[in-house]
Amino acid sequence: MSVERNFIAPVRVADRPKRRLRFAERDSLFWRRAWGGLWAAGAFLASASAMGTPTGFGASQDVMLMVLAATAAMGLFSMLLAIVFTWLRLPLPRLFAGGAATLLSGSIAALKVSGAGWTGSVVIAAAYTACGMAAGMLLSALHAVSVRRCDDGAGTPAAFKAAAISAALLLLLPAAVRMSEDIGEAMAGEAADYALAQPPSGQGGYQAFTYGSGSDRREEFAEDAMLVSRTADASSLLPSWSPLKSLYWGFEPARLPLNGTAWLPDGEEPVPLVLLVHGNHLAEQDSDKGYAYLGEMLASRGYAAVSVDENFLNYSVWSDIPEDDMLLRSWLLLRHLEQLAEWAEQPDNPFYGRIDLSRTALIGHSRGGQAAAMAADASRWFGTGVDGVSIRAVAALAPTDTITDGERAQLSGVSYLVLQGGRDADLTDFYGERQYNRTAIEPDSDAFKAAVYIPEANHSRFNSDWGTMDNSLPGGLLLSQKGLLSGEEQRAAASYFISAFMDAVFRSDAEARDRIRNPGDSLPGFRSPGYSIQYEDGSYRMLQDFEKAGDLPSLPAAEAAPGLSAAVEPVPSRSGGGQDSLAGVFSWAAGSGEDYYRIRLEEPPVIQPAGGITFSAANRSMDLCDADGSACQPQEITATVRLTDADGQFSQAAVGPISPPEAPRYLRMSWLAEGWSKGKYKAAAASVLHSYRMPLKLFAMLNPSLDTDGLVSVEIRFRSAGSGPGKLMLDNIGLYGPDFSKSSISPPG
C-alpha cells in the first residue's frame with residue numbers, strides 16, 4: 001500500500017505543471033478571441049462611416065474597403081501598443097488592451113469629425129469601447145465553455161459559430177438602421193391621409209423625360225436622354241477645378257453639362273414653367289432625383305417642372321465645394337432657362353409651344369433655395385437675367401442666406417414662399433425669414449410672400465433621397481428622431497404649400513392663398529405641428545412696422561400702457577443674430593393687469609368690407625426665464641384687438657392664446673448639445689412670428705354701433721394667462737384689403 005501511494009503521488013505532482021501550462025495557454029487564447037469583439041465594434045464604426053462618406057464606387061465597395069482599412073489599422077496599432085505595453089511591463093492582456101486603445105482613439109476621432117465636443121466624444125467613445133470589450137469577453141468565454149464541452153464529447157463549438165454570425169450581423173447593422181427607418185417612414189405614410197386640392201379640370205396626365213449632355217456618367221443624361229443639351233462655359237467662375245473631379249465627372253469647367261429631368265403635362269396649351277434645384281449634399285449621391293414627388297405633383301396640376309442636376313458642385317470625399325458656389329448654382333439655373341427658351345422655339349421639340357416663359361417659378365432646397373432667389377435677382381450679380389423669361393415666383397425649402405460678393409438677394413415684384421423646419425439640424429436658424437423680410441411687395445400688386453415654420457420638420461426629409469438624418473453617419477445616429485415628422489409627412493407638407501403657392505401665383509386663386517394662411521385640418525396625417533405662418537400681400541397698408549429703432553412711446557401716433565416695458569429690437573434668430581427686421585418688444589411683471597399698445601389714427605383709414613386688421617406676434621416669455629437663470633414655465637399670452645371710433649364706440653375680438661415656443665431637442669442625449677459644433681444644438685427656443693388677420697365684419701358684428709369708416713385707434717391688448725410675467729413681440733401692424741385675385745371671398749377669421 002505504501003509503495004502504491006509513493007507511485008501515484010509523483011504522477012499527480014507531475015500533472016500539475018502541465019495543467020497550469022494549459023490554463024495559461026487558454027488564458028492567452030481567451031484575450032485573443034476577445035479582441036474579435038473590439039474588431040467587430042471597429043468594423044461597425046467603419047461601415048457606418050463609409051455610408052456617411054461615399055466615394056462613388058458604390059455602398060458595398062465603400063463598406064468593404066473601409067472595413068478592410070479599419071481591420072488593418074486595428075491589427076497594426078494593437079500590435080504596436082502591445083509591444084509598448086510589454087516594454088513597460090504592464091500587467092495587461094496586451095494585445096486586447098492595444099485593441100481597446102485603438103478603438104477608443106478611432107471612435108473619438110469619428111465623433112470629433114461629426115462635430116461632437118471633446119467631453120462628449122470621450123464619454124461616448126469610452127462607453128462604445130467598453131461595450132466592444134464586454135462583448136468580446138463574453139463571446140470568448142462562451143467559446144471557451146463550448147470548446148471544453150467539445151473536448152468532453154458534448155458537442156461542437158456552437159458559441160464560436162454564434163460569435164461569427166454576430167460579427168457578420170454587426171457589419172450589416174448600418175444598413176439595418178437605415179432600412180428600419182425607411183420602413184417606419186413607409187408605415188407613417190400609409191397611415192396618413194394627405195389632402196391636396198384636386199388638379200384643375202383637364203389636368204392630371206403628364207410625360208416624364210430627361211435632357212442632358214449625351215455623354216454623362218449617368219445613363220439618363222447620356223444615351224437615355226430624350227434631348228441633348230449644350231454645355232455651359234463656367235471657366236471664369238471656376239478658376240480652380242480638381243483633376244479628380246475631371247476624372248470622376250468627365251468634363252472641365254469650360255463645358256459644364258445642362259442635365260435635367262422634366263415632367264410635361266398633357267395638352268397643347270402653354271403652361272407655367274417651374275425649375276427645381278437641390279442644395280449641397282454628397283456629390284456622389286444624385287440629389288436631383290429627390291424632388292420627383294414635386295415634379296410629378298406639379299405636372300399633374302398643369303405646370304411644366306424640371307429638376308436640375310448640379311451635383312458636380314457639391315461636396316465630395318475627394319474635393320470640397322467650389323469657391324463662390326452660390327454664384328455657380330444660380331448662374332447654372334439661368335443657363336438652363338436659356339436652353340429651355342431655345343427649345344421652346346424649335347418646332348420638333350417637346351417644349352415647343354408648351355412652356356410659358358413669362359410665367360416662370362424657381363424652387364430650391366438648402367443652398368438651392370438661396371440660388372433660386374439669386375437667379376430671380378440676377379442683375380445684382382450678372383448684370384441681366386434671361387431674355388424672354390420672367391421669374392414671377394420663388395419657393396425655398398430650408399434655404400441658406402449667405403453673403404455673396406458682398407450682396408444678398410433683394411426680391412421685388414416676385415412672390416416668395418419659404419418653408420423651414422424647427423428641428424433642422426443642418427441649418428438651425430430660420431435663414432429664409434431674412435429673405436422673406438427683404439422681399440418687397442409693391443402696394444396694390446398681385447404679389448405676396450409667406451413664411452411657414454413647421455416645428456417638427458428637419459432639413460433632409462424635404463428630399464426623398466437624402467435619408468432621414470441631417471448629419472451623415474456615424475454622427476447622425478446621435479440625432480434625436482423622436483417626434484419628427486416622417487419623410488412622407490414632411491414631403492406632403494411641401495407638396496401642399498407649394499401647390500397652393502403656384503395656384504395662387506399663376507391662377508390668381510384666392511382660395512389657394514387661404515390654404516397657405518390657414519392650413520387648418522387640410523393635412524390630417526400630421527401630429528399637430530403647430531405652424532407659425534407670416535403673410536403679406538399687395539393689399540396691406542402698414543400702420544407700424546417698427547423699422548425705426550428707438551423707444552416705442554416716442555414713435556409717432558403710438559403709445560404703450562403706463563408701466564409697460566417697451567422697446568424696438570431686432571427680431572432674433574436662434575443663434576442670437578438678427579433676421580433683417582425690427583419689432584416692438586413688450587414685457588411686464590407678474591400680477592400686471594391687461595396691458596396694451598395703441599396706435600392713434602390721424603385720419604380714418606379706408607377699409608373695404610372684405611378687409612380687416614393684421615399684425616404679427618410671438619411669445620418671448622422664455623427670455624424672462626433665461627434672464628435670471630431660473631427654471632420656469634412660460635405662460636400663454638391672451639391677446640385681443642380693440643377698434644375705437646370717434647364717438648368712443650369700440651369693439652374687440654380675441655385672436656386666441658399665443659403659446660410660447662418649445663425648445664427643440666436635436667440630440668438623443670441633451671448634455672451633448674453644449675459642445676457639439678460650438679454649441680450649434682443648444683436648445684434655444686426660436687421666437688418665430690405668426691401673422692393674425694381679423695376681418696372688419698367680425699368687429700362690426702360684435703358691435704353694430706361701431707363706425708368702421710371713422711376709426712381713431714387700433715389697440716392690441718395682452719396679458720399672461722396665469723397673471724405671471726410675460727414678454728410679447730409685435731410686428732407689422734396694419735390693414736389689409738381683399739386679395740387681388742380672380743375670386744373674391746371673405747378673409748378667414
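For the single chain, residues carry numbers from 1 onward in sequence order. The figures that follow rest on heavy atoms only: side chains count, while hydrogens, waters and symmetry mates do not.
Counted by atom type alone, Thr402 and Gln370 present one or more donor-acceptor pairs between their side chains at under 3.5 Å. When only modelled atom types and interatomic distance are considered, Tyr535 and Arg517 share a side-chain donor-acceptor pair under 3.5 Å. In this structure, a donor-acceptor pair under 3.5 Å is present between the side chains of Asp288 and Asn311. At a cut-off of 3.5 Å, with distance as the only test, no side-chain donor of Ser616 or Gln534 sits close to an acceptor on the other residue. With 3.5 Å as the limit, one finds no donor-acceptor pair spanning the side chains of Ser573 and Gln579.
With respect to the salt-bridge test (charged N to carboxylate O, under 4.0 angstrom), the residues Asp401 and Arg438 qualify. A salt bridge links Arg230 with Glu338: the distance from a Lys NZ or Arg NE/NH1/NH2 to an Asp or Glu carboxylate oxygen falls below 4.0 Å.
Glu220 is listed as a side-chain neighbour of Lys289, based on a closest heavy-atom distance under 4.5 Å. Put simply, the side chain of Ser366 reaches to within 4.5 Å of the side chain of Leu427, judged on heavy atoms. Leu340 is listed as a side-chain neighbour of Ile355, based on a closest heavy-atom distance under 4.5 Å.
Judged by the 6.0 Å and 45° rule, Arg392 forms no cation-pi pair with Phe506.
Heavy atoms from other residues, nucleotides or ligands lying under 6.0 Å from CD of Glu323 number 12 at most. Residue Glu269 places its CD atom among 12 or fewer non-hydrogen atoms of other residues, nucleotides or ligands, all under 6.0 Å distant.
Of all heavy-atom pairs between Ala232 and Leu258, the closest is CB-CD2, 4.3 Å.
Applying the salt bridge (charged side-chain N to carboxylate O under 4.0 Å, His left out) test to every pair with at least one member in residues 275-285, sequence neighbours left out, gives no pairs at all.
When each of Asp309, Asn280, Asn314 is checked for a side chain to side chain contact (heavy atoms under 4.5 Å, CB included) with Ser287, only Asn314 meets the rule.
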